[in-house]
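Reviewing the structure listed below.
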Amino acid sequence: MWCDPMKHVYINEIASHVGETILLRGWIYNLRSSGKIKFLIFRDGTGFLQCVAGKADVSGEDFELISTVAQESSVEITGKVREDKRAPGGFELVLSGVRLIAGSENYPITPKEHGSSFLLDIRHLWLRSRRQHVVMKVRHHAISAIRDFLNNRGFLCLDTPIFTPNVCEGTSTLFETDYFGDKAYLSQSGQLYNEATAAAFGRVYCFGPTFRAEKSKTRRHLTEFWMVEPEVAFATLEDIIDLAEEFFEYIVLRCVESCGQELSDVLERDISKLEAVKRPFVRLHYDDAVDLLKQKGVDFEWGNDFGGGDETILGEAFDKPLLVHHYPTRVKAFYMERDPEDPEYCLSVDMLAPEGYGEMIGGGQRIHDLDQLQKRIREHDLPEEAFRWYSDLRRYGSVPHSGFGLGLERTVSYICGLKHLREAIPFPRLLNRLSP
RNA sequence: UCCGGGGUAGUUGAGUGGCACAACACCACGCUGUUAACGUGGAUAUCGCAGGUUCGAAUCCUGCCCCCGGAGCCA
């Protein structure tokens, strides 16, 4: 082979190879040329690296190739690693050889600005760009932090079904599919099943895709998104708020640790705002949140749920996440436990991120009394037969239990400072968008 | 579903009744330290679609389609 016996290394390992001649495999990201010296920006999936080719350093044939190689052509390159302040990232490769693997013609994404519609149509290519690399890396580390946090605390990951036979909460619009002649719906939450596994295993979570057929056309909505839902047997509202705080702090700080530099350099994220995500967060009773909104001049009627604009105003009022608890019973799902002091309120909690990013977490304590649950099922006009297995959880050794759901894309979006959720998932599914 | 903005070259935009423009991308040439490099030249358009008004329509009128943002709903 052309490259033997040289060692193939990745760009993210380059710092430990200064002075060595190495082999890299990847794609041409950009080319700058200044007569007899060429600068090519090369990417291999682990990073971006500036490569320099002087006319004297490589063969005439290779120099010609470097001069004409198109953006996103795949190549194998060899060269010597050098530390140089003039290079972005501090390291560069002095090229000694280039081999074209496959060419590329008229790559549609240019170094200038593009519209979101155009970029989403070519999402499969857009993912190659620098900005998307950072966002996807943050997504990966957020997922990894979520799993580590829960796994290290004795939670079992027990995933819940995506095909479901009934309307789980009776609120959201669901996607309907044909299931061998019967109707099945794509899951909008794993929570009811989580309650079953929590009664079997104590501390559990599910982490998977969630589907909502709402015709929402806003920056805060996807029709398919990922949600992690921990559920804990014997936990009260207070316990689950503590858990949510610790969980969110851990995810944010882990992403800052692993991607802080890129967040700051490429996405221009203000890291100090993320570093402020430290416990204790701000906790407000629903009534106090309503008062705060009114103080801010919002015309808000007690008893309603907060709209997107209200969430933005509440979240922007503090420099750390805000936990609003004890929402009115009537705006929350049927399974929410009522406040024993005042049944107008329920034992629920939402966590709103700072900087107007809105709701990251929603959860609370579930009804554990059978009579109470059946009453609520009837009040909400839900089919009792379909909820029979769910009611069983209250027939056989029912215990207080609580849980919450955290939206992955909203969390990634907040950490990265994105303007729209669609950049926080590799292939977003939106109203009017099912491809690529 | 409702409200607002928009559709002009591959892309991003300018163009309010009289020869369709610019930048980037592409092609050619020049340049030995570039940082979304730069300079000179070239090629590139069914002005969303269908009607209408007019001597003349990207521009005015009617209908339709599509995109973007927001509301409702939600994580």
Side-chain angles (χ1 to χ4, degrees), chain A residues 29-41 48-57 63 67-68 70-72 82 84-90 92 94 104-122 125-126 129-131 169 171-174 187-191 209-229 265-266 304-312 331-333 350-353 357-363 404-414 419-422 424-425 430-433:
Chain A
Y29 192 68
N30 195 12
L31 176 71
R32 286 189 288 269
S33 161
S34 178
K36 296 190 178 57
I37 185 165
K38 313 277 182 194
F39 296 90
L40 62 86
I41 308 298
F48 294 78
L49 180 69
Q50 171 166 289
C51 305
V52 193
K55 191 157 192 176
D57 304 328
F63 196 75
S67 309
T68 57
Q71 191 186 356
E72 286 303 323
R82 184 166 72 185
D84 193 312
K85 277 185 195 147
R86 291 170 296 184
E92 65 182 16
V94 182
S104 165
E105 216 171 291
N106 287 323
Y107 188 69
I109 301 177
T110 70
K112 294 282 178 184
E113 286 170 21
H114 297 285
S116 62
S117 187
F118 171 72
L119 288 169
L120 283 172
D121 281 341
I122 48 169
L125 301 176
W126 189 18
S129 68
R130 202 170 228 147
R131 183 184 158 81
E169 303 184 19
T171 53
S172 287
T173 319
L174 304 184
S187 172
Q188 57 149 345
S189 165
Q191 193 222 304
T210 299
F211 307 88
R212 303 276 166 97
E214 303 286 350
K215 298 208 169 176
S216 301
K217 273 181 78 166
T218 82
R219 69 186 70 192
R220 291 190 302 274
H221 292 88
L222 298 168
T223 54
E224 177 182 318
F225 64 96
W226 284 63
M227 185 157 68
V228 56
E229 296 173 272
D265 291 350
V266 180
N304 288 339
D305 202 355
F306 302 121
D310 304 324
E311 285 184 0
T312 298
V331 303
K332 290 292 179 186
D350 279 7
M351 197 197 81
L352 309 179
Y357 274 86
E359 185 177 345
M360 300 283 130
I361 283 177
F404 61 81
L406 172 130
L408 177 66
E409 288 76 16
R410 285 191 177 177
T411 301
V412 171
S413 196
Y414 162 68
K419 289 196 178 65
H420 201 299
L421 228 48
R422 64 192 161 206
I425 184 167
L430 303 153
L431 183 67
N432 299 336
R433 183 169 293 282

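Residue numbers start from 1 in every chain, and the chains themselves are labelled A, B, ... in the order their sequence lines are given, proteins ahead of strands. Note that these values count all heavy atoms, side chains included, but never hydrogens, waters or copies made by symmetry. It should be emphasised that the depicted structure is a prediction, and the values quoted were computed from it without experimental measurement.
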- Query: Do Ser104(A) side-chain atoms and Gln71(A) backbone N/O form a donor-acceptor pair below 3.5 Å?
  - Reply: yes

- Message: Go nucleotide by nucleotide along RNA chain B from the 5' end; which of Ala70(A) and Leu31(A) gets its closest nucleotide reached first?
- Response: Ala70(A)

- Query: Quick one: on RNA chain B, does Arg86(A) or Phe225(A) contact a more 5' nucleotide (nearest heavy atom)?
  - Reply: Arg86(A)

Grab the [atom1]-[atom2] distance between [X] and [N] for me, whole Å please.
{"X": "Gln191(A)", "N": "C74(B)", "atom1": "CD", "atom2": "P", "value": "15 Å"}
{"X": "Ile41(A)", "N": "U34(B)", "atom1": "CD1", "atom2": "P", "value": "13 Å"}
{"X": "Leu430(A)", "N": "G69(B)", "atom1": "CG", "atom2": "P", "value": "9 Å"}
{"X": "Phe39(A)", "N": "C38(B)", "atom1": "CZ", "atom2": "P", "value": "14 Å"}
{"X": "Leu406(A)", "N": "C74(B)", "atom1": "CG", "atom2": "P", "value": "18 Å"}

Applying a 4.0 Å non-hydrogen cut-off, can you work out what [X] is touching in the nucleic acid: base, sugar-phosphate, or nothing?
{"X": "Gln50(A)", "result": "base"}
{"X": "Asp350(A)", "result": "nothing"}
{"X": "Gly358(A)", "result": "nothing"}
{"X": "Leu408(A)", "result": "nothing"}
{"X": "Ser33(A)", "result": "base"}
{"X": "Lys55(A)", "result": "nothing"}
{"X": "Leu222(A)", "result": "base"}
{"X": "Glu224(A)", "result": "nothing"}
{"X": "Lys38(A)", "result": "nothing"}

- Query: Do the side chains of Ser116(A) and Arg422(A) get nearer than 4.5 Å, heavy atoms only?
  - Reply: yes

Whole-Å [atom1] distance, [N] and [M]:
{"N": "A71(B)", "M": "U12(B)", "atom1": "P", "value": "25 Å"}
{"N": "G18(B)", "M": "U59(B)", "atom1": "C1'", "value": "11 Å"}
{"N": "C47(B)", "M": "U54(B)", "atom1": "P", "value": "22 Å"}
{"N": "A57(B)", "M": "G15(B)", "atom1": "C1'", "value": "14 Å"}
{"N": "A50(B)", "M": "C65(B)", "atom1": "C1'", "value": "10 Å"}
{"N": "G39(B)", "M": "A25(B)", "atom1": "P", "value": "11 Å"}
{"N": "U46(B)", "M": "A20(B)", "atom1": "P", "value": "14 Å"}
{"N": "G48(B)", "M": "C68(B)", "atom1": "C1'", "value": "15 Å"}

For [N], give the paired nucleotide (Watson-Crick: N1-N3 plus N6-O4 or O6-N4; G-U: N1-O2 and O6-N3; both under 3.5 Å), or none.
{"N": "U1(B)", "result": "A71(B)"}
{"N": "U62(B)", "result": "A50(B)"}
{"N": "A43(B)", "result": "none"}
{"N": "C38(B)", "result": "G30(B)"}
{"N": "A25(B)", "result": "none"}

Please report the interatomic distance [atom1]([X]) to [atom2]([Y]), rounded to the nearest 0.5 Å.
{"X": "Cys51(A)", "Y": "Tyr29(A)", "atom1": "SG", "atom2": "OH", "result": "14.5 Å"}
{"X": "Gln188(A)", "Y": "Arg212(A)", "atom1": "CD", "atom2": "CZ", "result": "5.0 Å"}
{"X": "Ile425(A)", "Y": "Leu430(A)", "atom1": "CD1", "atom2": "CG", "result": "9.0 Å"}
{"X": "Ile37(A)", "Y": "Lys55(A)", "atom1": "CD1", "atom2": "NZ", "result": "13.0 Å"}

- Message: My understanding is that only residues two or more places apart in sequence, or in another chain, count here; which of them pass side-chain hydrogen bond (donor to acceptor under 3.5 Å, both in side chains) with Arg32(A)?
- Response: Gln50(A)

- Task: Applying side-chain hydrogen bond (donor to acceptor under 3.5 Å, both in side chains), name anything that partners Glu72(A), two or more places apart in sequence or on another chain.
- Result: Arg43(A), Arg128(A)

Think [X] has a side-chain N or O under 4.0 angstrom from the OP1 or OP2 of [N]?
{"X": "His420(A)", "N": "G69(B)", "value": "yes"}
{"X": "Asn432(A)", "N": "C66(B)", "value": "no"}
{"X": "Arg433(A)", "N": "C66(B)", "value": "no"}

Go through [options] for me and flag the one nearest to the [X] side chain.
{"X": "Asn106(A)", "options": "C26(B), C74(B), U34(B)", "answer": "C26(B)"}
{"X": "Lys36(A)", "options": "G70(B), C73(B), U32(B)", "answer": "U32(B)"}
{"X": "Lys217(A)", "options": "C74(B), G70(B), U32(B)", "answer": "G70(B)"}
{"X": "Arg82(A)", "options": "G33(B), U34(B), C68(B)", "answer": "G33(B)"}
{"X": "Val52(A)", "options": "C31(B), G33(B), A71(B)", "answer": "G33(B)"}

Return all side-chain donor-acceptor pairs below 3.5 angstrom for residues 220-227 of chain A, not counting sequence neighbours, or 'none' if the list is empty.
| unit_1 | atom_1 | unit_2 | atom_2 | d |
| --- | --- | --- | --- | --- |
| His221(A) | ND1 | Thr218(A) | OG1 | 2.6 |
| Thr223(A) | OG1 | Arg429(A) | O | 3.0 |

- Item | Pair of N/O donor and acceptor under 3.5 Å linking G69(B) base with Arg422(A) side chain | no

- What residues, two or more places apart in sequence or in another chain, satisfy ring pair (Phe, Tyr, Trp, His ring centres under 6.0 Å) together with Tyr357(A)? Tyr414(A)

- Message: If the condition is ring pair (Phe, Tyr, Trp, His ring centres under 6.0 Å), which residues does Tyr107(A) pass it with, not counting sequence neighbours?
- Response: none

- Letter by letter from the 5' end, nucleotides 6-12 of chain B scores (B base, S sugar-phosphate only, - none; protein heavy atoms under 4.0 Å) ----BSS

